[in-house]
Amino acid sequence: MALIRLGFGRQHLCLLRRRSLLLSKLIAVVFAVLLFCEFLIYYLVIFRCDWPEVKTPAHNSGQETLKAMFLADTHLLGEIRGHWLDKLRREWQMERAFQTALWLLQPEVVFILGDIFDEGKWSSPQAWADDVQRFQKIFRHPRHVLLKVVAGNHDIGFHYQMSTYKIKRFEKVFNPERLFSWKGINFVMVNSVALEGDGCNLCSEAEAEIIEISHKLNCSREEHHSSRCTDEQLLPASAPVLLQHFPLYRRSDANCSGDDAAPLEERDIPFKERYDALSREASQKLLWWLRPRLVLSGHTHSACEVLHGAGTMEISVPSFSWRNRNNPSFIMGMLTPTEYALAKCYLPYENTVLATYCVAVGFLAVLMLAHFKLLASPLLFGWNLLRKLKTT
């Protein structure tokens, strides 16, 4: 009788050991997959991104170079739209991508080109405060890295939704600085939502600000300064980089190309002025008043390169959120007062992450079936197959 009990005890202990081993394997696989998909993949992908080399003329070899990152359309979800799980997932992805990029690439300044929030145009004061708090957590940065933001239509509303209250609320959180100069490089940040051209108070104020900036830039370009220019107004003698949310006027995305351009079926859809892009008139005014050497914009969620007027390049920056794209990206820029070079850094593809999870689930299923002897062990199956091949 004692021998029978001892046998049962050993059998039970062996069963417990097998189950513990299975549980350990399952936990190890789940932990490894989560570690890869939610953390390591961002380092592996962004590590491949390199800052472009900017060509500087020999006589300007002493110019300082500025490292700048350009993002667009983060669309942090609010309390109304989107499922809580979707919000949690997208914000985790953007936080990991942004923090990894800061650590690996070490930019000096980061620009976000509008539509920071998804519901800023109608959010309540409390919802706005909650959204801002989450934004500051996701896009936290060291003190030596500057973060500059321009307003988008989802932040303050389209022209017919825009109000002084919404603009002031936005500018209270994000510095309303329209003209920013660093290392001899001038950046002009425009509230493109206000460039409706209908003479409304907010639109008139926006145009007046741009005209004043234009005057300062013209003074910096003059070799012999006129009486209207004061020493306080003098800026670096460098053509500015124009940053805004709405792209300058173009008919459509028909001439755009690349992996992150708009889908083929959408590229020929005509743009609506003042909705998909600035009006032709507003675009001409900006190019004439500011004479920028480079324009960067967002809004379309897709990439595009457009050449305007006398050779001014505009780059449409794709969305930084996986909610809008399967392949988000951002622009890396090396700038000097006279030259610039741009490169694109892609973030992990959503499909890659989902495929990894699917493979992991399949592997776990095979592991459990093999444990409960509902499926032959892969090694045993391979050994039996090899034996059959030898006998034949």
Side-chain angles (χ1 to χ4, degrees), residues 28-55 64-76 88-113 116 135-149 183 257-261 296 298 301-303 305 315-336 339-360 363:
V29 171
V30 170
F31 177 77
V33 171
L34 286 174
L35 181 65
F36 174 77
C37 291
E38 304 302 331
F39 192 79
L40 293 179
I41 192 170
Y42 297 98
Y43 287 90
L44 294 174
V45 173
I46 297 176
F47 180 76
R48 298 180 299 178
C49 300
D50 292 318
W51 290 101
E53 292 186 10
V54 60
K55 297 179 181 178
E64 290 187 282
T65 303
L66 180 67
K67 292 182 178 180
M69 276 173 49
F70 302 93
L71 325 177
D73 297 277
T74 54
H75 283 273
L76 270 66
L88 183 67
R89 174 69 180 153
R90 301 313 177 192
E91 291 181 5
W92 168 259
Q93 289 173 315
M94 287 191 285
E95 181 177 358
R96 290 285 10 112
F98 184 75
Q99 297 303 323
T100 304
L102 284 187
W103 190 79
L104 289 176
L105 302 176
Q106 300 287 311
E108 297 170 273
V109 59
V110 179
F111 296 98
I112 306 182
L113 306 179
I116 315 304
F135 171 85
Q136 292 172 340
K137 174 183 176 294
I138 295 168
F139 295 97
R140 62 190 182 276
H141 53 92
R143 289 186 177 180
H144 66 271
V145 178
L146 297 181
L147 180 65
K148 300 289 184 179
V149 174
K183 292 188 174 182
S257 60
D259 294 337
D260 51 357
L296 291 115
H301 298 175
S302 301
E305 295 184 8
I315 305 293
S316 286
V317 182
S319 174
F320 192 71
S321 173
W322 281 261
R323 195 169 189 263
N324 298 322
R325 301 196 57 81
N326 175 51
N327 58 339
S329 61
F330 59 89
I331 299 294
M332 303 162 58
M334 293 282 280
L335 302 101
T336 70
E339 302 291 336
Y340 67 85
L342 304 177
K344 189 172 293 180
C345 182
Y346 286 97
L347 302 178
Y349 278 54
E350 182 96 288
N351 288 349
T352 302
V353 176
L354 294 177
T356 304
Y357 278 126
C358 290
V359 170
F363 179 76

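Worth knowing before you read on, the calculation uses all heavy atoms, side chains too, and leaves out hydrogens, waters and symmetry mates. Residue numbers count from 1 along this sequence.
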Tell me, do [X] and [Y] make a side-chain contact under 4.5 Å, heavy atoms counted?
| X | Y | answer |
| --- | --- | --- |
| Lys344 | Asp260 | yes |
| Phe135 | Ile116 | yes |
| Ile46 | Trp103 | no |
| Leu105 | Met332 | yes |
| Val359 | Val33 | no |
| Glu350 | Pro328 | no |
| Arg96 | Ile41 | no |
| Met334 | Lys67 | yes |

Compare every heavy atom of [Y] with every heavy atom of [X], then report the nearest pair and how far apart it is.
| X | Y | value |
| --- | --- | --- |
| Thr65 | Lys183 | O-NZ, 3.1 Å |
| Leu104 | Phe47 | CD1-N, 3.7 Å |
| Ser329 | Pro318 | OG-CG, 3.4 Å |
| Phe98 | Arg140 | CE2-O, 3.6 Å |
| Val317 | Ala72 | O-CB, 3.7 Å |
| Leu347 | Phe330 | CD2-CE2, 3.7 Å |

Can you tell me how far the [atom1] atom of [X] sits from the [atom2] atom of [Y], to the nearest 0.5 Å?
| X | Y | atom1 | atom2 | answer |
| --- | --- | --- | --- | --- |
| Met69 | Trp51 | CE | CH2 | 7.0 Å |
| Leu76 | Phe320 | CG | CZ | 11.0 Å |
| Leu40 | Leu35 | CG | CG | 4.0 Å |
| Thr352 | Asn326 | OG1 | CG | 7.5 Å |
| Leu44 | Phe39 | CG | CZ | 11.0 Å |
| Ser302 | Asp73 | OG | CG | 9.5 Å |

Using the six-membered ring wherever Trp is involved, compare the ring planes of His75 and His301 and label them parallel, tilted or perpendicular (cut-offs 30° and 60°).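 Rings of His75 and His301: perpendicular, as their planes differ by over 60°.
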
N/O donor-acceptor pair under 3.5 Å between Gln106 side chain and Leu102 backbone: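 Between the backbone of Leu102 and the side chain of Gln106 there is a qualifying donor-acceptor contact (under 3.5 Å).
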
Between Phe70 and Ile315, is the side chain to side chain contact (heavy atoms under 4.5 Å, CB included) condition met? List the steps. CA-CA 10 Å; Phe70 302 93; Ile315 305 293; over 6 Å; no

Carboxylate-amine/guanidinium proximity below 4.0 Å for Glu95 and Lys137: yes

Check against side chain to side chain contact (heavy atoms under 4.5 Å, CB included), Val29 and Phe363: CA-CA 9 Å; Val29 171; Phe363 179 76; 3.8 Å; yes

Test side-chain hydrogen bond (donor to acceptor under 3.5 Å, both in side chains) on Thr74 and Arg90 and set out the steps. CA-CA 9 Å; Thr74 54; Arg90 301 313 177 192; over 6 Å; no

Verdict with reasoning, Glu91 to Arg323, per salt bridge (charged side-chain N to carboxylate O under 4.0 Å, His left out): CA-CA 10 Å; Glu91 291 181 5; Arg323 195 169 189 263; over 6 Å; no

Within a radius of less than 6.0 Å around OH of Tyr357, do more than 12 heavy atoms belonging to other residues, nucleotides or ligands occur? yes

